[in-house]
Amino acid sequence: GGGAATFRYGALHHSVMEVDVLTASGKVITCSPTRHADWFAILPGSLGTFGYVLRFRLRIKRAGRYVLAKHVRLDGASTLMKNFEEHMSTSDMIDFMDGAIYSANESVLITGRMTDDLPMGATFYSLRKTGIPYAMMAREGHDLWFELIDFIFRWDPDGYFSTWESPGWTRDPTLRAWLAALFPAFHRSDWLREIFS
């Protein structure tokens, strides 16, 4: 899979260094870029059709505790794409990058940097605290501090914009903050999988 950090660190399978696979014949083979390299290359897209992964070894990066996310308002999709290209080729100071397109003439570039250092007086964004969905906050173009887990799941509490067509009272920040505090488990996307699968 991919996400906001893929441009910097690759997709999940790019972190895999070695895999033990149980094949249909019952044989266990160890795959890496140098051993059974053909198997190693096709496994990420095989969806389990070649065998079961029994073990894998990953290259990992230490994550920071916090993320400072910067939101830059732009004038449309083409400008957003141009900014993506520029950041991917020149910026080594960010860990995350994504964006949102709100209309033909409105988009937002979102970049984030992990850190363990939090400036004095910094406050964290979360739907639970503000009642304002992330998509609306991003649209305003502010810099926002997150705890890492809230940054990773920042789009989820609003169901990826799915509530924007609902009645206006459902978008009330006070009501959303109250509901987020009352039902925190429903503010992560994993519960959606249960409904739709």
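Heavy atoms only: backbone and side chains are in, while hydrogens, waters and symmetry mates are out.
- Residue Phe56 places its CZ atom among 12 or fewer non-hydrogen atoms of other residues, nucleotides or ligands, all under 6.0 Å distant.
- With rounding to the nearest 0.5 angstrom, the CD1 atom of Ile42 is 12.0 Å from the NE2 atom of His36.
- Interatomic distance, Glu106 CD to Arg73 CZ, rounded to the nearest 0.5 Å: 5.5 Å.
- Between the side chain of Tyr125 and the backbone N or O of Arg154 there is no donor-acceptor pair closer than 3.5 Å.
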Please lay out, stage by stage, how Val19 and Phe40 fare under the test side-chain contact (heavy atoms from CB on, under 4.5 Å). CA-CA 7 Å; Val19 182; Phe40 187 77; 4.2 Å; yes

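- By the rule that hydrophobic residues join a cluster once side-chain heavy atoms approach within less than 4.5 Å of another member, Val16 and Ile60 end up as members of one cluster.
- Among residues at least two apart or in separate chains, side chain to side chain donor-acceptor pair (under 3.5 Å) pairs with a member in residues 15-25 are Glu18-Arg55, Asp20-Thr30, Asp20-Arg55, Thr23-Ser25.
- To the nearest 0.5 Å, atoms CE (Met88) and CD1 (Ile94) are separated by 9.5 Å.
- Salt-bridge formation is not detected for the pair Arg65/Asp116: no Lys NZ or Arg NE/NH1/NH2 atom is positioned less than 4.0 Å from an Asp or Glu carboxylate oxygen.
- Between the side chain of Asp150 and the backbone N or O of Phe146, no donor-acceptor pair lies under 3.5 Å.
- Residues Val21 and Phe50 form no side-chain contact, since every pair of their non-hydrogen atoms from C-beta on lies 4.5 Å or further apart.
- Annotation: Lys82, atom NZ; neighbour count of heavy atoms from other residues, nucleotides and ligands within 6.0 Å does not exceed 12.
- With hydrogens and angles disregarded, no donor-acceptor distance shorter than 3.5 Å links the side chain of Arg139 to the backbone of Tyr134.
- Listed here is the closest heavy atom pair of His14 and Arg59: O-NH2, 3.0 Å.
- Contact annotation: the side chain of Val67 approaches that of Phe96 to within less than 4.5 Å [non-hydrogen atoms, C-beta and beyond].
- Note that the OG atom of Ser107 and the CD1 atom of Ile101 stand 6.0 Å from one another [nearest 0.5 Å].
- Using a 4.5 Å heavy-atom threshold, the side chains of Phe124 and Leu144 count as separate.
- Residues Tyr102 and Ala138 approach most closely at OH-CB, 3.7 Å, considering heavy atoms.
- Put simply, CG on Leu68 and CZ on Phe151 are 9.5 Å apart, with the number rounded to the nearest 0.5 Å.
- The minimum heavy-atom distance linking Leu148 with Ala63 is given by the pair CD2-CB, 3.6 Å.
- With respect to the salt-bridge test (charged N to carboxylate O, under 4.0 angstrom), the residues Arg113 and Asp95 qualify.
- No donor-acceptor pair closer than 3.5 Å links the side chain of His71 to the backbone N or O of Asp143.
- Taking each heavy atom of Ala37 and Pro33 in turn, the nearest pair found is CB-O, 3.3 Å.
- Taking all atoms of both residues into account, the shortest heavy-atom contact from Leu80 to Leu74 is CA-CD1, 3.8 Å.
- In this structure, Tyr66 and Trp145 have perpendicular ring planes: the angle between them is above 60°, well past the 30° mark.
- By the 4.5 Å heavy-atom criterion applied to side chains, Val108 and Val72 are not counted as neighbours.
- Hydrophobic cluster membership differs between Val28 and Val53, with clusters built from Ile, Leu, Val, Met, Phe, Trp and Tyr side chains linked at under 4.5 angstrom.
- Hydrophobic cluster membership is shared by Ile149 and Ile110, with clusters built from Ile, Leu, Val, Met, Phe, Trp and Tyr side chains linked at under 4.5 angstrom.
- Contact detail for Leu118 and Ala122: the closest heavy-atom pair is CD1-CB, 3.8 Å.
- Note that the CE atom of Met97 and the NE2 atom of His87 stand 7.0 Å from one another [nearest 0.5 Å].
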